[in-house]
Amino acid sequence: MEIQLESEIGPLRTVVVHTPGSEIESVTPASAEELLYNDVIPLDDVQQEHTQLMAVLNRVSAVVQSTDLLRQAVVTSEQRRELALSLMRPEVRQRADSGWLRELSELSPEAFLQAAIQGVPNRRASFADFLSRRRYDIPALPNWYFMRDAAMAYHRGIVIGAMAYPVRRNEALLARAMLAPYSPVIWDGSCARDPEISLEGGDFLVARRDLLVVGLSERTSAAGLDQLLTALQQYRTEAGLDIPFEVIAVQLPHERTCIHLDMAVTQLDLDCMLVYEPLILGRRRAPVVRCQVVPGKPPRIFYADSLPAALAAAGMPVQTVACGGVDPVVAEREQWLAGTNMFSYGPGKAIGYDCNRATLEELDRAGFEIVRADDVLSGVSDPLAPGRRIIAVSGTELARGGGGVRCMTLPLYRDPVD
Ligand SMILES: NC(=O)NCCC[C@H](N)C(=O)O
């Protein structure tokens, strides 16, 4: 499987997803906050919505399930043993007896992956474990369907996330096992133990081969970005990309409403972005910092007036479309329901939630045809026909997991944009 990604909007050829399974049933009212969910959500409804999204994606690209990629990482019992050990909490690893380890490593690859994602309940095999309130020996991963966050593709390589919250740390280990066989790892945050270092894919937008937009957020720290930048410089030299490049950092507030950059802005076309105006254009917009890197020289770092201003100065002027339209209350509600969080499958073509009506109306006014997912699936509408278009999919339950369509998709291969 080849990796090639040099833009956010190039025609999509390969995308990785994960259909939510019973790992999401690990979320209870008491644990929802710690597990980063907005609510308890019913599995059948979530799966139904996700299945529709996958069917739409299938019309435009190859769609790969994460478990299909992961299977090759757990072929031998030794591989399964190693991965199981890395997924255990430290206190569990210390007490893991050889019998249990053998049991885990002798599972079939299928059953092993199920355990790795859906979790292995606390066996209560000691006093300490019996009395502990810990529910899992290997934690369930209810956020794994937000495939975007634990890994990022750039050029021919991959970046593995340094997840900000413990509940998502194992996702980075799985992402590394899943992708490292296919491509060079530019930077690996999966083992980062320094709490100052974090970096997640929802904050990482490849605008061009030589231009990244990165959110500095609750999930991505400046120290994490600095490490990535150093690794990128090395990768670029090795890959023969010895030309200047730029990173535009958007300093987002640390708020649950906007955990990642893609909850504030996504790119829909070469010259069009969907934005949550208060954070990107408003009087109290997020500060923006540009970092220009010329090989062999120290980086030049300075403030810009706004994200669109920084993009224009970097040679990418964009028109913006307001998530939720002009009414601030509607905009706030739709931003919370991942209104900005759309996923582009080609220039001017994207997929977003149908519940964000005002956002869709605004896009309609900006010249995007709004198409119902059912019309794509029944063949009434060709998703790849010329012209700008948004495919509206059902997502009210998916959104309550805390993200949108961009969050659920990990693009690995896009054709270049002309
Ligand atoms: N890129 C994204 O914004 N991903 C959404 C992640 C939602 C997940 N419940 C989380 O809070 O991490």
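A quick note: this is a predicted structure, and the numbers were derived from the prediction, not measured. Heads up: numbering here begins at 1 and tracks the sequence. Atoms within each ligand, like the ligands themselves, are counted from 1 in listed order.
Polar contact check, Arg148 against ligand 1: no nitrogen or oxygen pair lies under 3.5 Å apart. The shortest N/O to N/O separation between Gly401 and ligand 1 falls below 3.5 Å. Backbone and side-chain nitrogen or oxygen atoms of His260 are examined, and one is located within less than 3.5 angstrom of a nitrogen or oxygen of ligand 1. Residue Asn341 has no N or O atom closer than 3.5 Å to an N or O atom of ligand 1.
Atom CZ of Arg357 is surrounded by 12 or fewer heavy atoms from other residues, nucleotides or ligands within 6.0 Å.
Annotation for ligand 1: atoms under 4.0 Å from non-hydrogen atoms of Asp149 are 1 (N), 2 (C), 4 (N), 5 (C), 6 (C). Applying the 4.0 Å criterion to heavy atoms of Asp262 picks out, from ligand 1, the atoms 1 (N), 2 (C), 3 (O).
Heavy atoms of Arg256 come nearer than 4.0 angstrom to ligand 1 in at least one pair.
Side-chain contact between Val56 and Pro383 is absent, with no heavy atoms from C-beta onward closer than 4.5 Å. Leu179 has its side chain within reach of Leu69: a pair of non-hydrogen atoms, C-beta onward, lies under 4.5 Å apart. Within the 4.5 Å cutoff, the side chain of Thr396 has no heavy atoms near those of the Asp45 side chain. A 4.5 Å side-chain heavy-atom check between Arg176 and Cys191 finds at least one atom pair inside the cut-off.
Residue-level proximity to ligand 1 for Leu36 is carried by backbone and side chain together, each with a heavy atom below 4.0 angstrom. With a heavy-atom cut-off of 4.0 Å, Met147 does not touch ligand 1 at all. Looking at Arg219 against ligand 1, only its side chain comes within 4.0 Å, counting heavy atoms. The proximity of Arg406 to ligand 1, defined as any non-hydrogen pair under 4.0 Å, does not occur for either the backbone or the side chain.
The residue from Gly202, Cys407, Gly404, Gly403 that puts a heavy atom closest to atom 2 (C) of ligand 1 is Cys407.
Applying the ring pair (Phe, Tyr, Trp, His ring centres under 6.0 Å) test to pairs two or more places apart or on separate chains, those with a residue in residues 204-236 are His155-Tyr235.
Partner of Phe343 under the side-chain contact (heavy atoms from CB on, under 4.5 Å) criterion, chosen from Thr266, Val405, Ile9, Leu268: Val405.
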